[in-house]
Protein chains: 2
Amino acid sequence: MGWPIGKASELSGVGIETIRYYEREGITPQPDRTAGGRRDYDSGTVAKLRFVKRCRELGFSIAAIKTLLKLSHSDDATCEEAGKIGQQNRVLVREKIADLKRMERALDELVASCRKGRTDCPMLQKLFAD
Amino acid sequence: MGWPIGKASELSGVGIETIRYYEREGITPQPDRTAGGRRDYDSGTVAKLRFVKRCRELGFSIAAIKTLLKLSHSDDATCEEAGKIGQQNRVLVREKIADLKRMERALDELVASCRKGRTDCPMLQKLFAD
DNA sequence: ATAACACCTGTAGTAACTACAGGAGCAAAC
DNA sequence: GTTTGCTCCTGTAGTTACTACAGGTGTTAT
């Protein structure tokens, strides 16, 4: 007897509905069931849930996490491969940062001249310009 | 006779399927139709499409863009309100940047020690740790 | 025994598109 | 005048990673 889904959720930080979603999607393994048909989690599956949670917080896609989980349970040297996936993700993260910084700078400029009581709006005008 | 959807797409930079989506969603107005039932765009609607495109590039949500479009066609002084929406969006953009920077720093550290030929992987170990 | 709660399955909704399938209009070449 | 090839039409389904029910069952505490 391990833990029911509510406890697994608490221990891993993954929401109950999300745990069932990960199971449906084949990201985490199907846990045992109790006589009454309820999910019964062992520490290994809880660890995998925690792993998925941390990976998501680092911006990894579900597809990448599936690969990382497979790698982490294979015998061959997988450090290089795992590192590559981490680096690829970092590239994506950096691209997103660059995009958002561009947005921030553009917004700074657009918002700067908006003021109470103006009848024209320079921001809207610039966005509408040819 | 204005332009067909393909030309409107070219002029505005919005993809054809996306133009039809914006119309369905009530973001942009329904254009006139030719005798044959094809969409016939005028310069005003093309301008709105370009506006939506620019707003999306600045990170505005579709809901926010709907409001901005309404504001831009109202008579009362809307500069303050528009500016507020811009500022709110900038806050969201900054939050996203902060999140992504946290991810980037964490990834830097995790990826750093990954190397070819290692049988253990410090990255995977850290992600799996209790 | 009953009330309250945790859990079950299955389905639908979210944001903002994107990608078909299957059909019809239209312009130019032959 | 018809055939080729292109653009366009509607309607529906898929994408990502969840989240939120509805309607029902198991378990625990009083």
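Side chains are part of it too, since the values below use all heavy atoms of this structure and drop only hydrogens, waters and symmetry mates. Keep in mind that what you see is a predicted model, and the values were worked out from it rather than measured.
Summarising the geometry, the separation between CD on E25(B) and C1' on dT14(C) is reported as 12 Å, rounded to the nearest angstrom. The distance from atom CG of D40(A) to atom P of dG26(D) is 17 Å, rounded to the nearest whole Å. We find that OH of Y41(B) is positioned 12 Å from C1' of dC9(D), with the value rounded to whole Å. What separates CD1 of I5(B) from P of dT7(D) is a distance of 13 Å, to the nearest Å. Atom CD1 in I65(A) sits roughly 10 Å away from atom C1' in dA17(D) (whole-Å rounding). Between the CD1 atom of I19(A) and the P atom of dT9(C) there is a distance of 13 Å, given to the nearest Å. The separation between N89(A) atom CG and dA17(D) atom C1' is 15 Å, rounded to whole Å. For the pair E23(A) CD and dC7(C) P, the computed distance is 14 Å after rounding to whole Å.
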Open item on the list: Assess the residue pair K48(A) and D42(A) against the criterion (salt bridge (charged side-chain N to carboxylate O under 4.0 Å, His left out)); give the C-alpha distance rounded to whole Å, side-chain angles, the decisive distance to 0.1 Å, and a yes or no.
Closed with: CA-CA 10 Å; K48(A) 279 178 187 161; D42(A) 58 17; over 6 Å; no
Open item on the list: Is there a salt bridge (charged side-chain N to carboxylate O under 4.0 Å, His left out) between E57(B) and K53(B)? Walk through the geometry before answering.
Closed with: CA-CA 6 Å; E57(B) 284 169 356; K53(B) 175 113 219 270; 3.2 Å; yes
TODO: Under the side-chain contact (heavy atoms from CB on, under 4.5 Å) rule, what do Y41(A) and L11(A) come out as? Steps first, then yes or no, please.
DONE: CA-CA 11 Å; Y41(A) 289 89; L11(A) 289 169; over 6 Å; no
Open item on the list: What verdict does the salt bridge (charged side-chain N to carboxylate O under 4.0 Å, His left out) test give for D99(B) and R102(B), after you've listed the backbone C-alpha separation in whole Å, the side-chain angles of each residue and the deciding distance to 0.1 Å?
Closed with: CA-CA 5 Å; D99(B) 281 355; R102(B) 243 181 284 116; 3.0 Å; yes
TODO: Applying side-chain contact (heavy atoms from CB on, under 4.5 Å), run through M103(B) and L100(B) and close with a yes or a no.
DONE: CA-CA 5 Å; M103(B) 290 180 197; L100(B) 287 163; 3.9 Å; yes
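OP1 or OP2 of dT18(C) sits under 4.0 Å from a side-chain N or O of T18(B). The side chain of Y22(A) places an N or O atom within less than 4.0 Å of a non-bridging phosphate oxygen (OP1 or OP2) of dC18(D). Using a 4.0 Å cut-off, some side-chain N or O of R39(B) falls inside it from OP1 or OP2 of dC9(D). Within the structure, every side-chain polar atom (N or O) of R33(A) is placed at least 4.0 Å from both OP1 and OP2 of dG26(D).
A donor-acceptor pair under 3.5 Å is absent between the side-chain atoms of R39(B) and the main chain of R20(B), judged by distance alone.
The closest side-chain heavy-atom distance from R38(A) to I5(A) is not below 4.5 Å. Side chains of L58(B) and L110(A) form a contact here, defined as non-hydrogen atoms less than 4.5 Å apart. Taking the side chain as every heavy atom from C-beta outward, Q88(A) and V91(A) never approach each other to under 4.5 Å.
With sequence neighbours left out, the side-chain contact (heavy atoms from CB on, under 4.5 Å) criterion links R56(B) to Y22(B), V52(B), I62(B), I65(B). Under the ring pair (Phe, Tyr, Trp, His ring centres under 6.0 Å) criterion, F51(A) pairs with F128(B), sequence neighbours left out. For C79(A), the side-chain contact (heavy atoms from CB on, under 4.5 Å) partners two or more places apart in sequence, or in a different chain, are C114(B), R118(B), C121(B), P122(B).
Of the residues in residues 6-16 of chain B, G6(B), I16(B) come within less than 4.0 Å of DNA chain D through at least one heavy atom, sorted by number. If you check residues 46-59 of chain B against DNA chain D, you find no residue with a heavy atom closer than 4.0 Å.
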Open item on the list: I need a per-nucleotide contact map over nucleotides 19-27 of chain C, read 5' to 3'. Cutoff is protein heavy atoms under 4.0 Å; write B for the base, S for backbone only, - otherwise.
Closed with: BB---BBS-
